[in-house]
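Contents: one structure, followed by commentary.
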Amino acid sequence: MSLTFHWFLPTNGDSRHVVGGGHGTPATETGRDRPPTVGYLSQIARAAEDLGFVGALTPTGAWCEDAWLTTAMVSQRTERLKFLVAFRPGFVSPTLAAQMASTFQRQTGGRLLLNVVTGGESHEQRAYGDFLDKDARYRRTGEFLAIVRELWAGKTVDLHGEHLQVEDARLARVPEPVPQVYFGGSSPIAGEIAARHADVYLTWGEPPAQVAEKIAWIRALAAREGRAVRFGIRLHVITRDTSEQAWAEANRLLAGFDAETVASVQAGLARSESEGQRRMLALHGGGSRDRLEIHPNLWAGIGLVRGGAGTALVGSHDEVAERIQEYAALGIEEFVLSGYPHLEEAYWFGEGVLPRLQARGVWQHPLGRPTAPSAQVPFADAERP
């Protein structure tokens with residue numbers, strides 16, 4: 001089995017510092033250092049596909065550019081890279097979403113993956129006209145995915161559910177291939193929906209023991225549904241030729257977090273209804289800078305200023321490769337990674353870690369290219385593009 005790696009398109013802006021935001025908090029000022037233009041995002045996407053990443057996650061929310069439109073444009077400047085498009089099912093009809101996915105597949109040669117985001121922040125949902133509470137949103141997501149999957153199978157759908165109703169719904173052309181559905185969530189109802197509908201269950205980067213518990217939980221729920229689910233993890237990465245260099249970079253990023261920004265972001269995230277966000281906050285104690293290495297090479301510093309995924313793998317290329325294999329041993333098959341800035345960090349990981357994983361027999365370049373570990377990575381001392 002070859003592990004699968006995805007990168008990230010920073011549609012909220014990029015920087016040599018951490019760009020905060022997400023889960024109801026706005027993007028920080030550093031997001032203006034490198035605006036998320038189609039040109040810059042395409043640079044990242046082309047680098048990712050050349051290095052051997054399979055896809056790239058694009059976020060959703062009021063803090064970033066629209067994922068569907070952005071990836072549609074970037075897809076025309078790439079050849080192989082898939083796009084893991086995050087979207088919220090409450091904001092568009094299931095029939096229209098199924099049609100959009102089908103069109104995306106035809107126009108890109110089958111390069112769409114879907115990251116279903118139910119939405120954990122009621123105040124942000126209300127800004128889009130969605131006034132359901134959290135549990136109701138998850139039940140609606142279940143109905144949404146049930147309709148979409150039937151449409152993708154070429155069926156005519158009539159459903160009068162608790163939240164969604166469609167009559168005589170069908171697609172003129174079904175997608176080929178059918179997009180894989182990625183889904184995350186740590187609350188009980190999120191687990192139920194994932195077990196019924198997800199192809200890949202995504203967890204944020206918690207310590208291995210906690211990830212193992214999540215995997216066992218979802219596996220058991222999926223087994224009751226007669227299904228099997230694959231597992232992925234969302235992490236940031238800071239990888240360098242030596243451990244000392246990597247931790248120096250982590251400390252440089254940490255030094256850029258002023259106390260006022262940390263306090264403001266943490267106050268906003270503390271109001272989150274997301275169970276996954278609560279678990280992220282617990283890893284660093286709600287804003288503490290002490291004991292941020294919560295497991296060997298797993299650093300919770302990103303979560304001080306950023307909502308959602310808040311942990312990073314930090315270390316030498318060999319150490320990061322070892323941690324990846326530690327997660328893989330638990331059952332994690334897909335890794336959705338990012339780093340600041342995303343162009344340079346794609347090269348650090350792609351030319352530093354991926355060749356080591358290939359040498360260990362756990363990863364292969366999608367195009368079958370042989371790779372060799374590089375001691376010097378492009379962009380290490382380059383000026384900002």
Side-chain angles (χ1 to χ4, degrees), residues 7-10 12-22 25-36 40 43-44 47 204-205 234-266 269 280-281 283-324 337-353 374-385:
W7 197 239
F8 185 85
L9 293 183
N12 54 323
D14 203 5
S15 175
R16 293 183 183 272
H17 303 280
V18 174
V19 180
T25 61
T28 55
E29 288 295 311
T30 49
R32 299 180 181 176
D33 292 353
R34 299 186 191 179
Y40 178 62
Q43 276 188 279
I44 297 171
W204 286 330
R234 172 78 178 94
L235 288 156
H236 305 276
V237 285
I238 304 173
T239 179
R240 296 293 186 270
D241 297 332
T242 69
S243 183
E244 291 77 15
Q245 290 170 342
W247 284 107
E249 176 64 11
N251 288 328
R252 183 192 70 81
L253 293 175
L254 184 63
F257 302 167
D258 65 86
E260 182 178 351
T261 298
V262 171
S264 175
V265 170
Q266 293 303 304
L269 295 178
M280 282 284 104
L281 295 180
L283 295 179
H284 56 66
S288 172
R289 295 174 186 247
D290 300 327
R291 297 183 296 278
L292 288 173
E293 188 178 8
I294 55 177
H295 181 78
N297 306 109
L298 184 64
W299 185 61
I302 302 292
L304 295 178
V305 295
R306 185 190 192 279
T311 53
L313 295 178
V314 181
S316 69
H317 304 314
D318 284 314
E319 289 172 333
V320 171
E322 289 167 4
R323 294 289 78 76
I324 285 172
L337 307 175
S338 57
Y340 299 96
H342 289 75
L343 181 60
E344 290 89 329
E345 290 298 330
Y347 280 98
W348 276 114
F349 185 87
E351 295 188 342
V353 179
S374 173
Q376 297 296 325
V377 179
F379 298 114
D381 300 306
E383 293 297 320
R384 183 185 355 159

### Task
Calculate, to the nearest 0.5 Å, the distance between atoms CG and CZ belonging to Asn12 and Arg32 respectively.
12.5 Å
### Task
Output yes when a side-chain donor or acceptor of Glu319 lies under 3.5 Å from a complementary backbone atom of Thr242, and no otherwise.
no
## Note on the structure
Rounded to the nearest 0.5 angstrom, the OG1-CG distance for Thr239 and Leu337 is 10.5 Å
### For Arg323 against Asn297, the heavy-atom pair lying closest together
NH1-OD1, 2.8 Å
### Query
Between Gly205 and Thr311, which heavy-atom pair has the shortest distance, and what is it?
O-OG1, 2.7 Å
### Message
So does Pro10 get a backbone contact from the side chain of His342, meaning a donor-acceptor N/O pair under 3.5 Å?
### Response
no
#### Entry: Side-chain (Arg16) to main-chain (Asp33) donor-acceptor, under 3.5 angstrom
no
### Task
Flag the pair Trp348 / Val237 as yes when at least one side-chain heavy-atom distance between them is below 4.5 Å, and no otherwise.
no
### Query
So, do His236 and Phe8 sit near enough that their side-chain heavy atoms are less than 4.5 Å apart?
no
#### Entry: Trace of the side chain to side chain donor-acceptor pair (under 3.5 Å) decision for Arg234 with Ser338
CA-CA 8 Å; Arg234 172 78 178 94; Ser338 57; 3.0 Å; yes
### Query
Do side-chain atoms of His284 reach the backbone of Gly301 as a donor and acceptor pair under 3.5 angstrom?
no
#### Entry: Spatial distance of atom CG (Leu304) from atom CG (Leu253) [nearest 0.5 Å]
11.0 Å
### Summary
Taken to the nearest 0.5 Å, the spacing of Gln43 CD from Arg34 CZ works out to 8.5 Å
#### Entry: Side-chain donor or acceptor of Asp14 paired with backbone N/O of Pro341 under 3.5 Å
no
### Task
Could you tell me the separation between the CZ atom of Phe349 and the CD1 atom of Ile238, rounded to the nearest 0.5 Å?
13.0 Å
### Message
To check you understand the geometry: which heavy-atom pair defines the closest contact between Tyr340 and Glu249, and what is its length?
### Response
O-OE2, 4.3 Å
#### Entry: Step-by-step side chain to side chain contact (heavy atoms under 4.5 Å, CB included) determination, Leu254 to Leu292
CA-CA 10 Å; Leu254 184 63; Leu292 288 173; 4.1 Å; yes
### Message
If you apply the rule side chain to side chain contact (heavy atoms under 4.5 Å, CB included), what do you find for His317 with Asp241, and how did you get there?
### Response
CA-CA 6 Å; His317 304 314; Asp241 297 332; 3.0 Å; yes
### Query
Is there a donor-acceptor pair closer than 3.5 Å between any side-chain N or O of Thr30 and the backbone N or O of Val18?
yes
### Query
Quick one: does Trp299's side chain have a donor or acceptor within less than 3.5 Å of a partner on Trp247's backbone?
no
### Derivation of the side chain to side chain contact (heavy atoms under 4.5 Å, CB included) call for Leu298 and Leu313
CA-CA 5 Å; Leu298 184 64; Leu313 295 178; 4.0 Å; yes
#### Entry: Check: Val262 and Arg289 side chains under 4.5 Å, non-hydrogen atoms
yes
### Query
Looking only at heavy atoms, what is the nearest atom pair of Ser316 and Ala246, with distance?
N-CB, 4.5 Å
